[in-house]
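Worth knowing before you read on, the calculation uses all heavy atoms, side chains too, and leaves out hydrogens, waters and symmetry mates. Here is how names work: the chains are called A, B, and so on, in the same order as the sequence lines, proteins then strands, and each is numbered from 1.
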Amino acid sequence: MTELKRQSIIDPAVRDIMTNQEERTVGSKSDRAKKAKERKKAANRLPGRVNLDLPLELKKRVFDLAEAERIPASQIVALLLADGLRRLESGDLILDPYRRPSGSPRYDWTLDISSLENSE
Amino acid sequence: MTTIINVANQKGGVGKTTTAVTLGHGLSLAGRRVLIVDLDPQGHVAFALGMKKTNGLYRLLVESEPLHKVAEVARPNLDIIASDKTGEAVGRYVTTLNFRELVIKKALKGSTYDVIILDTPPSLGVLHVAALVASHWIIIPTKLDAMAVDGVNEILRSMAEVEQSEDNNHKFEGYSILPTFFDRTTKETTTQLRDLVNAFGKIVWPPIPQDTKAREAAAFGKTLWEYCPDSPSIKGYQFNGKRAGGYLDLLDRIQEVIQ
Ligand SMILES: Nc1ncnc2c1ncn2[C@@H]1O[C@H](COP(=O)(O)OP(=O)(O)OP(=O)(O)O)[C@@H](O)[C@H]1O
Ligand SMILES: [Mg+2]
């Protein structure tokens, strides 16, 4: 039984695992193609487009306002941002009351703006 | 009758002890009476089961104490002969004996276990040969690196020598190659598995996935069945509703062997 001749027979389960591996490789190739396509699409997006997380309530208020005023939501946000930044730079608006220590290693602080959200 | 299974590869760190302990506990959970004998002075079998290293092997082979006195209970249905650094003297002692290649076979003779698993050290000493001479079935765990085929060939060569030696009058019932640390995401592993299959055909059994839980379990003194029975190293791979590889697959196959 210890002859060392080449054997062509293969355990069916081992074959399954090896074939499955091949399927996966093919799959991951098409995955790569898909990712490349997405990257291309992303590259064609307008350079000013951003993706941010907002409190849901705030987001709703912005879109409601945009709807009511018949103004693009992007422009409402741009106006409020520009106004807010100007007030920040002039010292009218300060971050300190909202600052909370961050638990994340990436940031030192988070802002808690719930007091603003609630006071309409 | 007792079936003696030898987990052997002269290369270190290929998963011999993990295989011996996982298979041993798996068989005991399936209701078999199992003994694991640690032939390695590193004493990792006891460690992996959360027990203390002892001089069990020394007492069994050098002081010729009876098996039932030396065996320690590890789990229900699972006993071990532990080892520790006194195991180094065992090899030296056995070398001086007349029938040194039969020493393990004799020590295990007449046991009441269904299965005895021999975990061997990463070397080709006299105990390695004595373990082969005592065994019915050989499991050869191997990592899938460039040396895998050579490593397996080396054990097959010592197995052939054992069978050819008239003193031993020994024939193996069978043997299987168990690829370990299998990582499907690297091309290297897949290529090596293919080489192994090309060289050895259907004695290559489905692989054990690489699994960080294996190291964790051993560090906690738990077997994989206790620590994480759902982990890849136990369950293997699943596709098209089929399951293959992992220690569950090995357990099924070994149970067929020891019917
Ligand atoms: N499938 C696996 N995936 C990841 N790690 C594993 C796997 N199997 C075993 N290990 C870990 O790899 C290390 C070596 O395994 P093990 O001790 O079983 O090898 P060995 O062949 O008995 O080594 P030695 O030759 O030193 O006796 C251990 O830390 C073990 O927990
Ligand atoms: Mg070991």
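The nearest pair of heavy atoms linking B:Lys202 to A:Ile10 is CB-C, 3.9 Å. Scanning all heavy atoms of the two residues, the minimum distance from B:Asp249 to A:Ala13 falls at OD2-CB, 4.5 Å. Between B:Pro206 and A:Val14, the closest heavy-atom pair is N-CG2, 3.4 Å. Of all non-hydrogen atoms in A:Asp11 and B:Trp205, the two that sit nearest each other are OD2-CD1, 4.2 Å.
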Identify each donor-acceptor pair in which a side-chain atom of residues 8-22 of chain B lies under 3.5 Å from a protein atom, sequence neighbours left out, and give them as a table.
| residue | atom | partner | partner atom | Å |
| --- | --- | --- | --- | --- |
| B:Asn9 | OD1 | B:Lys11 | N | 3.0 |
| B:Asn9 | ND2 | B:Pro141 | O | 2.7 |
| B:Gln10 | NE2 | B:Gly151 | O | 3.3 |
| B:Gln10 | NE2 | B:Glu154 | OE1 | 3.2 |
| B:Lys11 | NZ | B:Asp145 | OD1 | 3.4 |
| B:Lys16 | NZ | B:Asn9 | O | 3.2 |
| B:Lys16 | NZ | B:Lys11 | O | 2.7 |
| B:Thr17 | OG1 | B:Asp119 | OD2 | 2.7 |
| B:Thr19 | OG1 | B:Gly15 | O | 2.7 |
| B:Thr19 | OG1 | B:Tyr247 | OH | 2.9 |
| B:Thr22 | OG1 | B:Thr18 | O | 2.5 |

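Residue-environment remark: CG (A:Leu81) exceeds the threshold of 12 foreign heavy atoms within 6.0 Å. By the 6.0 Å contact criterion, CG on B:Asp150 is enclosed, its count of non-hydrogen atoms from other residues, nucleotides or ligands being greater than 12. Heavy atoms from other residues, nucleotides or ligands lying under 6.0 Å from CG of A:Asp53 number 12 at most.
The contact between B:Lys242 and chain A is made entirely by side chain atoms (from C-beta outward), counting heavy-atom distances below 4.5 Å.
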